[in-house]
Structures are given as structure tokens and as C-alpha cells.
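Just so you know, these numbers use all the heavy atoms, side chains as well, and skip hydrogens, waters and symmetry mates. For clarity, every value in this text was computed on a predicted model and none was experimentally measured. If you read the sequence from its start, that first residue is 1, and numbering goes on from there.
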Amino acid sequence: MDLIRQIENEQITKEVPSFSTGDTVQVHYRIIEGSRERVQVFEGTVIKVQGEGVRQTFTVRRLSYGVGVERTFLVHSPRIAKLVVTRRGKTRRAKLFYIRDRQGKAAKVKERTNY
């Protein structure tokens, strides 16, 4: 077990900003298309953070042409070029699954003013 933990600790990236559920983030994700590599930005609200250590994941939800799109990312993935927190959200629960049923202003998360 110690060997597995040692290998996992080598994979952890140090430059991860602190974020939580309800925050609006921009995930700059590297995409490989054939021989080319490009960075695609996925911006949305974090609705779930789970796991710990190298296995920690977070799910981001956004509206794309009126359709809700959710994508799950590994926090310590080498494919994530940059993670930017654009807005801090004020929430009272750990998982915001109720946002899936809401539209428009009802789906908004209040902004946290004190950090």
C-alpha cells in the first residue's frame, strides 16, 4: 500500500487553486486531435466535488445553446492546462444537483462576497 501511495503522491499537481461547489470555473483542457494539440476552455458552475488525493474529481455544468452539459474532470489530471476560478459561489450544500431542474435566474448561485 505504501508503494501505491508513493506513486500517487508523485502524480499530484501543486498549482491547483482552491475552489468549492458553487464556484464558476474555467477549465483549460488539452485536446489531442490527430497530431495536433489544442486547448479548449470549458466554463461553468461546479456542482460536485468528490474524492481525495490523486483521485479527486469535480463536475462542471454549463448551458450550451439551451442544453445543459456536464463534464467531470480529474483535479490532478495532466490534461488540465490551467484552472481559473472566475466567481465564488455561496452555497449551503455539497452537491448542487437541484440546478439540473432549474432554468434561467432560478439556476443562479449567489456570489460570495467575503473570502
Go through it in stages, so that I can follow the logic: the residues are Ile99 and Phe97, the test is side chain to side chain contact (heavy atoms under 4.5 Å, CB included), and I'd like the CA-CA distance, side-chain angles, deciding distance and then a yes or no. CA-CA 5 Å; Ile99 287 182; Phe97 296 140; over 6 Å; no

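- Within a 6.0 Å sphere centred on NZ of Lys108, other residues, nucleotides and ligands contribute 12 heavy atoms or fewer.
- Distance check, rounded to the nearest 0.5 Å: CD of Glu37 to CZ of Arg30 gives 6.0 Å.
- Other residues, nucleotides and ligands contribute more than 12 heavy atoms inside 6.0 Å of the CD atom of Glu10.
- Applying the side chain to side chain donor-acceptor pair (under 3.5 Å) definition to pairs two or more places apart or across chains, those involving residues 47-66 are Glu8-Arg55, Thr59-Thr72, Arg61-Glu70.
- A pairwise comparison of heavy atoms in Thr21 and Ile47 identifies CG2-O, 3.7 Å as the closest pair.
- The environment of CZ in Arg79 is sparse: at most 12 heavy-atom neighbours from other residues, nucleotides or ligands sit within 6.0 Å.
- The nearest pair of heavy atoms linking Val85 to Phe19 is CG2-CB, 3.8 Å.
- Rounding to the nearest 0.5 Å gives a distance of 10.0 Å between CG of Asn9 and CD of Gln11.
- In summary, of the residues considered (Val41, Ile80, Leu83), a side-chain contact (heavy atoms from CB on, under 4.5 Å) with His28 occurs for Val41 alone.
- Val60 places a side-chain heavy atom less than 4.5 Å from the side chain of Phe58.
- Looking at Val84, Val46, Thr45, Thr86 one by one, the single match for side-chain contact (heavy atoms from CB on, under 4.5 Å) with Val25 turns out to be Val46.
- Val54 and Leu74 sit in two unconnected hydrophobic clusters of ILVMFWY residues. Membership requires side-chain heavy atoms under 4.5 Å apart, directly or through other members.
- Taking CZ from Arg88 and CG from Asp23, the interatomic distance works out to 5.0 Å, rounded to the nearest 0.5 Å.
- With sequence neighbours excluded, the residues that form a salt bridge (charged side-chain N to carboxylate O under 4.0 Å, His left out) with Glu33 are Arg36, Arg38.
- Shown here are the ring pair (Phe, Tyr, Trp, His ring centres under 6.0 Å) partners of Tyr29, two or more places apart in sequence or in another chain: Phe73.
- Here CG of Asp2 is found 11.5 Å from CD1 of Ile7. Values are rounded to the nearest 0.5 Å.
- Considering every non-hydrogen atom in both Arg112 and Ser20, the closest pair reads NH2-OG, 4.4 Å.
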